[in-house]
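This one's a predicted model, so the numbers in the text were calculated from it and none came from an experiment. Here is the naming used below: chain letters follow the sequence lines, and residue numbers restart at 1 for every chain.
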Number of protein chains: 2
Amino acid sequence: MKLSDGVEWAIHCAMLLGALPAGATLSGKALAEFHGVAESYLLKHLKALAAAGILDSVTGPQGGYRLARPAERISLLDIVLAVEGDRPAFRCTEIRRRGPCALEDAAYPRPCGINTAMLKAEAAYRDALAREDLKSLSAGFAGTADPRFLALAQAWLSGNTRIPKS
Amino acid sequence: MKLSDGVEWAIHCAMLLGALPAGATLSGKALAEFHGVAESYLLKHLKALAAAGILDSVTGPQGGYRLARPAERISLLDIVLAVEGDRPAFRCTEIRRRGPCALEDAAYPRPCGINTAMLKAEAAYRDALAREDLKSLSAGFAGTADPRFLALAQAWLSGNTRIPKS
DNA sequence: GCAGTATTACTCGGATAGTCACTGTCCGAGTCGCTCCGG
DNA sequence: CCGGAGCGACTCGGACAGTGACTATCCGAGTAATACTGC
């Protein structure tokens with residue numbers, strides 16, 4: 001039970017994109033450089049975020065990625081599901097229907113109680129993630145981060161942000 | 001983010017062991033046969049449960065496994081952690097300290113907010129699992145299962161249960 | 001017939017290969033900006 | 001000097017290898033029941 005490292009990357013990228021002016025974009029190359037990760041692999045996850053409707057992608061020169069909707073409407077759950085997929089972590093293989101005491105399928109009208117319990121716990125997990133939105137995370141981060149970092153990041157962003165003329 | 005199939009196997013085995021008289025055991029071979037899974041691989045997980053103190057193992061002929069404590073004191077969380085390990089699913093790699101805006105380690109006195117949020121959600125997941133104990137699951141199962149299955153299982157158990165003389 | 005002992009068969013435990021998903025990477029399709037040319 | 005077409009370079013998108021964790025398996029250590037032998 002290990003989450004993909006891409007989840008962490010995607011959340012950090014989304015938070016950074018949330019700090020940009022409305023409509024501005026950052027290229028995948030810039031996002032990779034800022035976080036010190038491989039560009040080729042990061043693109044894989046950014047693509048997933050775009051496919052899920054969390055990011056908008058702009059092609060061509062001066063293109064890049066931007067949030068598809070306001071940061072307060074993007075939750076951690078949205079990002080986790082986009083990167084990891086929406087299939088539950090626990091997948092019941094119905095072993096109760098196997099072995100010497102197995103009956104025909106019609107004898108199991110109710111779902112497996114173990115599966116129900118595991119999915120209920122996973123629902124609690126998802127609810128907790130759904131309650132965390134990018135806006136709140138960014139606010140908490142800005143309030144506790146080292147001022148020097150904020151200044152450095154602001155300077156770096158000013159040299160890498162693309163603002164379309166339209 | 002996929003849980004090991006062994007989790008499902010382990011929970012089913014623990015529930016079956018909980019249905020036995022106090023002190024009685026079932027061999028790994030019997031548990032594997034009842035659930036229709038590979039014995040060799042199931043033993044791997046049973047060993048983990050024994051190492052975690054959830055099961056007691058009895059070696060030698062007429063040996064097997066039994067619950068190490070009453071079913072109402074064994075939660076799904078205990079089993080999941082024993083099989084999957086107690087490391088959190090989300091592991092922060094501190095990418096915030098990388099890239100062109102990185103500072104020295106002393107500049108990050110607080111834990112990463114993203115990590116905090118992810119771990120909080122995972123805590124909710126674990127709390128939900130901790131609330132589900134084997135006794136309640138077994139009761140719910142016995143109340144909804146097909147009567148024919150219960151009879152078959154009882155007959156099968158009577159032929160495979162080992163009760164030590166001591 | 002009984003006690004003691006060696007045997008034996010059965011059990012769990014740890015170390016060892018195989019397979020799938022995640023990780024990491026590459027090249028191609030598409031698009032915008034820039035340059036050059038003509039008017 | 002201005003407009004337009006062509007070119008070029010940069011961007012994202014999808015398809016292709018490499019690695020680690022889970023899956024599956026085997027053989028060895030240990031133990032209790034059993035059969036045998038001697039008394």
Side-chain angles (χ1 to χ4, degrees), chain A residues 1-10 13 17 24-33 35-52 54-66 68 80 83-85 87 89-91 93 95 160-166, chain B residues 1-10 13 17 25-33 35-52 55-66 68 80 83-85 87 89-91 93 95 160-166:
Chain A
M1 185 181 179
K2 176 180 172 296
L3 260 70
S4 165
D5 291 343
V7 173
E8 183 185 7
W9 299 9
C13 287
L17 290 175
T25 66
L26 275 176
S27 70
K29 183 178 181 181
L31 286 168
E33 180 189 349
H35 295 108
V37 299
E39 176 192 357
S40 303
Y41 189 32
L42 179 61
L43 282 174
K44 192 185 190 72
H45 299 297
L46 293 176
K47 178 178 59 175
L49 292 178
I54 297 170
L55 300 186
D56 280 337
S57 64
V58 179
T59 60
Q62 300 297 95
Y65 294 94
R66 62 167 170 255
V80 170
V83 174
E84 288 284 328
R87 298 179 60 187
F90 182 83
R91 300 162 197 178
T93 58
I95 66 172
N160 289 91
T161 304
R162 284 88 178 271
I163 303 180
K165 53 182 62 172
S166 63
Chain B
M1 185 177 177
K2 176 181 171 296
L3 260 70
S4 165
D5 291 344
V7 172
E8 184 185 8
W9 298 10
C13 287
L17 290 175
T25 64
L26 276 177
S27 70
K29 183 179 180 180
L31 285 169
E33 180 190 348
H35 294 108
V37 300
E39 176 192 358
S40 304
Y41 188 32
L42 180 62
L43 283 174
K44 190 185 189 72
H45 299 299
L46 294 175
K47 179 178 59 176
L49 292 178
L55 300 186
D56 280 337
S57 65
V58 179
T59 60
Q62 300 297 96
Y65 294 93
R66 63 168 170 252
V80 170
V83 174
E84 288 283 327
R87 299 179 61 188
F90 182 83
R91 299 162 196 177
T93 59
I95 65 173
N160 289 90
T161 303
R162 281 90 179 272
I163 302 179
K165 52 181 63 172
S166 63

>> Could you tell me how far apart A/Glu39 (CD) and C/dT25 (C1') are, to the nearest whole angstrom?
In response: 11 Å

> How long is the line joining NE2 of A/His45 and C1' of D/dC12, in whole Å?
Replying inline: 16 Å

> Side chain of B/Ala38: nearest nucleotide among D/dT25, D/dA24, D/dC12?
Replying inline: D/dT25

>> Taking 4.0 Å as the cut-off, does a side-chain nitrogen or oxygen of B/Arg162 come that near to OP1 or OP2 on C/dC10?
In response: no

>> Between P on D/dT23 and CD on B/Glu8, what's the gap in Å once rounded to a whole number?
In response: 11 Å

> Is there a side-chain polar atom (N or O) of A/Ser4 under 4.0 Å from OP1 or OP2 of C/dT23?
Replying inline: yes

> Quick one: A/Leu42 CG to D/dT11 P, roughly how many Å, whole number?
Replying inline: 14 Å

> Touch check for A/Lys44, heavy atoms < 4.0 angstrom, all strands: base, sugar-phosphate only, or nothing?
Replying inline: base

>> Of the options D/dC12, C/dT31, D/dT31, whose atoms approach the side-chain atoms of B/Pro61 most closely?
In response: D/dT31

> Within the distance-only criterion (no hydrogens, no angle test), does the side chain of A/Arg162 pair as donor or acceptor with the backbone N or O of A/Thr25 below 3.5 angstrom?
Replying inline: no

>> What is the separation between atom CG on B/Asp56 and atom P on C/dG13, rounded to the nearest whole Å?
In response: 10 Å

> Whole-Å distance between C/dT11 P and B/Glu33 CD?
Replying inline: 12 Å

> Going from CD on A/Glu39 to CD on A/Glu33, what distance comes out if it is rounded to the nearest 0.5 angstrom?
Replying inline: 10.0 Å

> On DNA chain C, nearest-nucleotide positions of A/Ser40 versus A/Gln62: which is more 5'?
Replying inline: A/Ser40

> Between atom CD1 in B/Ile163 and atom P in D/dA32, what is the gap in whole Å?
Replying inline: 18 Å

> For DNA chain D, whose closest nucleotide is more 5', that of A/Lys47 or that of B/Asp5?
Replying inline: A/Lys47

>> Please tell me if A/Tyr41 has a side-chain N or O lying less than 4.0 Å from either OP1 or OP2 of C/dT23.
In response: yes

> D/dT11 phosphate, OP1 or OP2: any side-chain N/O from A/Ser57 under 4.0 angstrom?
Replying inline: no

> For A/Lys29, does the NZ atom sit with more than 12 other heavy atoms under 6.0 Å from it, leaving out its own atoms?
Replying inline: no

> Stepwise, does the side-chain contact (heavy atoms from CB on, under 4.5 Å) test hold for A/Tyr65 with A/Leu43?
Replying inline: CA-CA 10 Å; A/Tyr65 294 94; A/Leu43 282 174; 3.9 Å; yes

>> Can you work out whether B/Gly28 or A/Arg91 has the more 5'-proximal nearest nucleotide on DNA chain C?
In response: B/Gly28

> Are any side-chain N or O atoms of A/Glu84 and backbone N or O atoms of A/Ser4, one a donor and one an acceptor, separated by less than 3.5 Å?
Replying inline: yes

> In whole angstroms, how far is the P atom of D/dT23 from the CH2 atom of B/Trp9?
Replying inline: 8 Å

